[in-house]
Amino acid sequence: MNARSQTFDLRMEGRQVDEAVLSIFHTILFHRSLGKFMYTEEAMYSVGTIGYRDVDCDFFDFTYVCCTSPRLEETLRREISNFSRQLRSNDSGGTGQISLEFFQRKKTRWPFQTDCIPWEVWTIRLELLTLTNEDDWLVCRERVSDMLTDKIFCITEIMNRHDYVPKIPNQTELDMVFDTTYPDVQPYLFQFKFSTAGPSAPEILQGIPYGHAVDWWALGVLACRMYTGRYPNVDPTEYLRAAATATSPPLVAPRASAYVSTAISNNPPPNVERLLPASVQRLVPEGRDLLQRLLQPDPKDRLRSLLQLQRIALYQRYRWEDVRSMKISPQDLFDEECLTEVEDVSFPEF
């Protein structure tokens with residue numbers, strides 16, 4: 001079974017995340033819930049009614065409708081709150097996504113567990129904004145209200161289509177399609193999935209084929225975080241927009257050459273320079289050079305082999321044979337002068 005999927009991209013201030021996600025997911029669940037089933041025979045039943053109420057948002061001007069079910073509301077609020085808390089933490093990089101997935105259980109032979117087959121997935125991709133003054137906040141409030149209005153209209157339009165939903169089952173298989181644990185409402189089986197990882201490689205954000213060069217991007221993200229205390233300034237919407245207008249997706253980067261120039265570039269390309277946080281200026285040229293090589297948006301230009309890594313300026317003085325034979329410890333390799341010219345970078349969250 002192929003699951004239908006819908007994705008919404010939103011940008012907002014951190015305080016607005018909970019209410020924005022709640023408004024969208026409550027609207028979806030209102031359309032994907034029924035009243036309690038009351039069976040008179042195995043295949044004969046009647047369906048109860050669903051109560052509803054209006055909810056006014058505090059951090060933007062918007063009102064949405066949700067089912068009158070305290071336990072269902074508690075479930076959504078708990079899951080979305082966990083996502084929002086991680087999204088706003090220092091480790092998320094200000095980007096993340098959360099999905100509401102509807103699924104159907106399928107029986108399998110003993111001793112295997114029941115299969116859960118998704119049939120509809122709604123995903124919200126979020127990017128946090130940093131607002132500096134009250135005027136920006138007022139503009140953001142209005143913009144988020146307009147965005148959510150468009151999303152709600154889109155949801156209702158999709159729900160009115162005659163697309164696939166699981167057929168109503170017999171009484172013995174009711175819990176294979178519906179969540180019967182709620183006392184006052186019966187939604188289709190659903191679950192939440194979310195991720196708030198640090199900035200992903202551009203080719204992953206674009207959804208195009210990628211190779212092991214993404215691992216070297218991840219190393220660059222880690223190095224940037226350790227050296228500067230900040231994540232790279234990755235704007236996912238920029239790469240997604242570029243992917244949408246591209247005539248053909250880039251191919252996976254070819255095998256890396258062992259040759260790499262050891263020269264340090266004092267003027268990195270604009271597409272690399274804007275990725276680096278302002279605190280990168282505290283690094284010595286060798287440290288900046290490492291980040292510039294690892295955080296190349298184009299995987300073909302990215303440093304992506306151990307031989308290349310060994311030959312750049314930062315590691316020219318390292319005794320790699322001694323490292324392989326474990327004659328020296330990692331502490332011996334740590335040279336503060338190669339990393340930063342000023343005070344140590346602190347990590348208050350640890």
Side-chain angles (χ1 to χ4, degrees), residues 91-93 95 195-243 246-277 279-281 283-326 330 333-335 338-340 345:
D91 292 331
S92 74
T95 59
S195 63
T196 56
S200 299
E203 54 265 42
I204 294 179
L205 292 173
Q206 291 178 6
I208 60 178
Y210 60 86
H212 77 282
V214 299
D215 298 324
W216 291 92
W217 172 277
L219 178 61
V221 172
L222 178 62
C224 185
R225 177 67 172 152
M226 294 180 66
Y227 287 0
T228 70
R230 298 288 184 271
Y231 283 108
N233 303 317
V234 177
D235 182 359
T237 57
E238 176 182 342
Y239 295 114
L240 293 172
R241 194 181 306 115
T247 55
S248 60
L251 299 176
V252 176
R255 182 179 298 274
S257 168
Y259 171 78
V260 62
S261 172
T262 59
I264 297 175
S265 173
N266 294 321
N267 298 307
N271 62 340
V272 177
E273 187 175 17
R274 67 171 176 264
L275 288 172
L276 302 178
S279 50
V280 77
Q281 298 304 322
L283 301 181
V284 294
E286 293 86 353
R288 290 195 297 271
D289 177 65
L290 172 67
L291 298 184
Q292 292 167 15
R293 293 175 185 271
L294 290 172
L295 294 175
Q296 285 281 349
D298 190 335
K300 297 189 298 297
D301 299 329
R302 196 176 303 154
L303 188 153
R304 58 184 193 281
S305 80
L306 184 59
L307 286 177
Q308 289 180 342
L309 184 69
Q310 293 175 5
R311 296 175 181 180
I312 66 173
L314 180 64
Y315 293 106
Q316 281 186 331
R317 292 182 295 168
Y318 283 3
R319 302 184 301 276
W320 290 100
E321 289 302 324
D322 290 347
V323 174
R324 293 190 185 93
S325 59
M326 295 184 289
L333 294 175
F334 189 81
D335 183 357
C338 286
L339 301 183
T340 178
V345 177

* Structure fact -> Minimal heavy-atom distance between Arg302 and Gln308, with the atoms involved, is O-OE1, 4.2 Å

* Distance, nearest 0.5 Å, that separates OG of Ser279 from OH of Tyr227 -> 13.5 Å

* List the atom of Gln292, the atom of Leu276, and the distance in Å for their closest heavy-atom pair. => CG-CD1, 3.8 Å

* Under 3.5 Å, side chain of His212 to main-chain N/O of Arg304, donor-acceptor pair present? -> yes

* Asked: So, for Leu283 and Thr228, which heavy atoms are closest and what is the spacing to 0.1 Å?
  -> CD1-CG2, 4.2 Å

* Structure fact -> Exactly one of Asp289, Leu295, Leu290, Leu291 clears side-chain contact (heavy atoms from CB on, under 4.5 Å) with Arg293, and that residue is Asp289

* Over all atoms of both residues, closest heavy-atom pair of Leu309 and Trp216 -> CD2-CZ3, 4.2 Å

